[in-house]
There are 2 protein chains.
Amino acid sequence: MSVKRQVLRAEVQEMILDRLTQGSWRPGARLSIDGLARDLDVSPTPVREALVALERSGLIRYQALKGYVVAEPLTPQQIAELIDARVVIETAAMTRAFAHWEELTADLVEAHAAHQALADRIAETDEPPYELIHEYFLADAAFHEAIFRHAGNRFLDSMRETIHAHAHRMRQTWSAGPGQIDSAEAIAEHAAVLARVQERNHDGALQTLRTHLEAVGERSGGMQEAAQE
Amino acid sequence: MSVKRQVLRAEVQEMILDRLTQGSWRPGARLSIDGLARDLDVSPTPVREALVALERSGLIRYQALKGYVVAEPLTPQQIAELIDARVVIETAAMTRAFAHWEELTADLVEAHAAHQALADRIAETDEPPYELIHEYFLADAAFHEAIFRHAGNRFLDSMRETIHAHAHRMRQTWSAGPGQIDSAEAIAEHAAVLARVQERNHDGALQTLRTHLEAVGERSGGMQEAAQE
DNA sequence: GGTCCATGAATCTTATGGGATACAGGATTC
DNA sequence: GAATCCTGTATCCCATAAGATTCATGGACC
């Protein structure tokens, strides 16, 4: 058992990332280095490093001599491009993951069960707390991650990570809006993908996966419009 | 005309990036924060920020409380995965770029001419200087960049950037080795891609592009073995 | 001879401080 | 009344300093 060797920078980064994904700050809000340092009771140095790292993830923007701000939500155009890019890499990952079909199937079944369980809990709750919603999104993402895990290509996987941060920016739009979480649709679409995988139907799996992603884009666009009103 | 608003961090990052791509440091070499600060005559603070950014690009590795080291060259397995990922995103970009076929063709013709000109200059020189080789690689990369420029998807393009840094690590392997630059093959393969594009032969363009990338991988693998001897 | 531990230099990590910049609000000028 | 200038505050940027960790060296001990 190795000792956890972490530095303050990592903790600070985690902390800020949490607040970003919780939506504690509105898009466009300024992230003051000194302010964050005071708030977290550390010096500005680790904060600066954490912000540089977060900037590269796309969640925040940086302007020289002015500071960092929370990235604006994705425009409909950007959402369309994001979905398009996801279709490209996720279908590619699916194709490669079929080489390890047994393990893929097992993992997807497990991930889908966890996803469904969380969806059920949310459906039973009138006003689901943030923690639950956060867990739900993680479970949703885990289903897609499983595909990449068996694709055996670390570069495709790193692209998935890049996409992941932006996918959050997409979700944030509708969390703010009046719309409900799309758990019913997402579960149904994941189930369809899983069914094709279990049948070892490669082309069908690609097709249902593509359909699912495009539906996510559609829903997101719709919710965004609703949120704007 | 706006004044150039840059900060030291950006300059430092550029400086270190230059040295990394020039191969001034061997893979595994330690990048001492204090040492770099002394060397560049700045304080450690901007150096730290630059290194965080470079770490996210994959060119250097970081270990808490130990420091940064130049990333090891890619293993044959990693090269294979890199090529595979490039095939995925570059063919996808090519398909999308065909929607703006006229502009794509014009840009590719221009990029290819520049690439060829540099290849000719290298062929005429007995021992091409680093600067020339660097320019050659940039011209080579510009050909591929042109495809993404017209694909109209910023996320695919950001994936290309991610790949770009690693592609450099791949090249570094053979620059160190005894092998010659593969300019003849690269030019011929690019020409084949360009020809299919000019014919507006979509499937042919994808096929020649895929063939080109796989050939790059083959040559890189071979050169790596040669360099190891 | 091998192992263990103390020691110190080099380095990383974080904190603190001073100079510079951006921005908002009010005064001044035309 | 509008544009310009000035000024104060908050903040950023970087340098310097102090504490913590790593690693290599060398001597003591078994």
Side-chain angles (χ1 to χ4, degrees), chain A residues 1-20 23-72, chain B residues 1-20 23-72:
Chain A
M1 178 92 184
S2 70
V3 185
K4 184 168 63 177
R5 289 247 176 268
Q6 270 221 345
V7 287
L8 210 47
R9 168 193 141 191
E11 288 180 48
V12 170
Q13 188 174 336
E14 195 70 29
M15 207 89 82
I16 299 177
L17 182 61
D18 272 354
R19 298 196 186 183
L20 281 171
S24 305
W25 295 305
R26 295 267 151 184
R30 297 195 60 187
L31 294 182
S32 154
I33 295 172
D34 290 340
L36 284 172
R38 276 193 303 274
D39 206 27
L40 301 174
D41 199 34
V42 297
S43 84
T45 309
V47 174
R48 295 183 72 86
E49 294 185 7
L51 290 178
V52 170
L54 288 170
E55 187 213 352
R56 305 274 305 191
S57 80
L59 281 175
I60 64 179
R61 242 168 0 97
Y62 168 76
Q63 223 178 338
L65 304 181
K66 288 185 60 178
Y68 295 88
V69 297
V70 179
E72 301 292 331
Chain B
M1 177 93 181
S2 70
V3 186
K4 183 169 58 179
R5 288 255 176 261
Q6 269 223 344
V7 286
L8 209 47
R9 169 196 138 189
E11 287 180 50
V12 170
Q13 188 175 336
E14 196 69 29
M15 204 91 81
I16 299 177
L17 182 62
D18 272 353
R19 298 197 185 181
L20 281 172
S24 305
W25 296 304
R26 296 268 152 182
R30 298 195 57 187
L31 295 181
S32 154
I33 295 173
D34 288 344
L36 283 172
R38 278 193 301 273
D39 205 29
L40 300 173
D41 200 34
V42 297
S43 83
T45 309
V47 174
R48 294 183 71 85
E49 293 186 3
L51 291 179
V52 170
L54 288 171
E55 187 213 350
R56 305 273 307 191
S57 81
L59 282 175
I60 63 180
R61 244 168 358 99
Y62 167 75
Q63 225 179 336
L65 303 181
K66 289 184 63 176
Y68 294 88
V69 297
V70 180
E72 302 291 331

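Per chain, numbering begins at 1; letters A, B, ... match sequence-line order. Quick caveat, the model's predicted, so the values are computed rather than measured.
For B:A29, the side-chain contact (heavy atoms from CB on, under 4.5 Å) partners two or more places apart in sequence, or in a different chain, are B:W25, B:V70.
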Indicate every side-chain donor-acceptor pair of residues 47-61 of chain A with a distance under 3.5 Å to a residue at least two apart or in another chain.
{"unit_1": "A:R48", "atom_1": "NE", "unit_2": "B:E49", "atom_2": "OE2", "d": "2.3"}
{"unit_1": "A:R48", "atom_1": "NH2", "unit_2": "B:E49", "atom_2": "OE2", "d": "3.1"}
{"unit_1": "A:E49", "atom_1": "OE2", "unit_2": "B:R48", "atom_2": "NE", "d": "2.2"}
{"unit_1": "A:E49", "atom_1": "OE2", "unit_2": "B:R48", "atom_2": "NH2", "d": "3.0"}
{"unit_1": "A:E55", "atom_1": "OE1", "unit_2": "B:R9", "atom_2": "NH2", "d": "3.2"}
{"unit_1": "A:S57", "atom_1": "OG", "unit_2": "A:L54", "atom_2": "O", "d": "2.7"}
{"unit_1": "A:S57", "atom_1": "OG", "unit_2": "A:L59", "atom_2": "N", "d": "3.4"}

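Sequence neighbours left out, the pairs with a member in residues 53-72 of chain B that pass ring pair (Phe, Tyr, Trp, His ring centres under 6.0 Å) are B:Y62-B:Y68. For residues 62-72 of chain B, no pair satisfies salt bridge (charged side-chain N to carboxylate O under 4.0 Å, His left out), with sequence neighbours left out. Annotation: side-chain hydrogen bond (donor to acceptor under 3.5 Å, both in side chains) contacts involving residues 32-45 of chain A, sequence neighbours excluded, comprise A:R19-A:D39.
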With both pairing distances under 3.5 angstrom for Watson-Crick or G-U wobble, and | for a partner in another strand, the correct string for DNA chain C is ||||||||||||||||||||||||||||||
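Here A:D18 contributes atom CG and A:M15 contributes atom CE; the two are 8.5 Å apart, rounded to the nearest 0.5 Å.
In terms of heavy-atom proximity, B:P27 sits nearest to B:A71 at CB-O, 3.5 Å.
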Detail all sub-3.5 Å separations between protein N/O atoms and N/O atoms belonging to nucleotides 11-15 of chain D.
{"unit_1": "D:dC12", "atom_1": "OP1", "unit_2": "A:I33", "atom_2": "N", "d": "2.9"}
{"unit_1": "D:dC12", "atom_1": "OP2", "unit_2": "A:S32", "atom_2": "OG", "d": "3.4"}
{"unit_1": "D:dC12", "atom_1": "OP2", "unit_2": "A:I33", "atom_2": "N", "d": "3.1"}
{"unit_1": "D:dC12", "atom_1": "OP2", "unit_2": "A:D34", "atom_2": "N", "d": "3.2"}
{"unit_1": "D:dC13", "atom_1": "OP1", "unit_2": "A:Y62", "atom_2": "OH", "d": "2.8"}
{"unit_1": "D:dC13", "atom_1": "OP1", "unit_2": "A:L65", "atom_2": "N", "d": "2.8"}
{"unit_1": "D:dC13", "atom_1": "OP2", "unit_2": "A:R48", "atom_2": "NH2", "d": "3.3"}
{"unit_1": "D:dC14", "atom_1": "OP1", "unit_2": "B:L8", "atom_2": "N", "d": "2.3"}
{"unit_1": "D:dA15", "atom_1": "OP2", "unit_2": "B:S43", "atom_2": "N", "d": "2.4"}
{"unit_1": "D:dA15", "atom_1": "OP2", "unit_2": "B:S43", "atom_2": "OG", "d": "2.5"}
{"unit_1": "D:dA15", "atom_1": "N7", "unit_2": "B:T45", "atom_2": "OG1", "d": "3.2"}

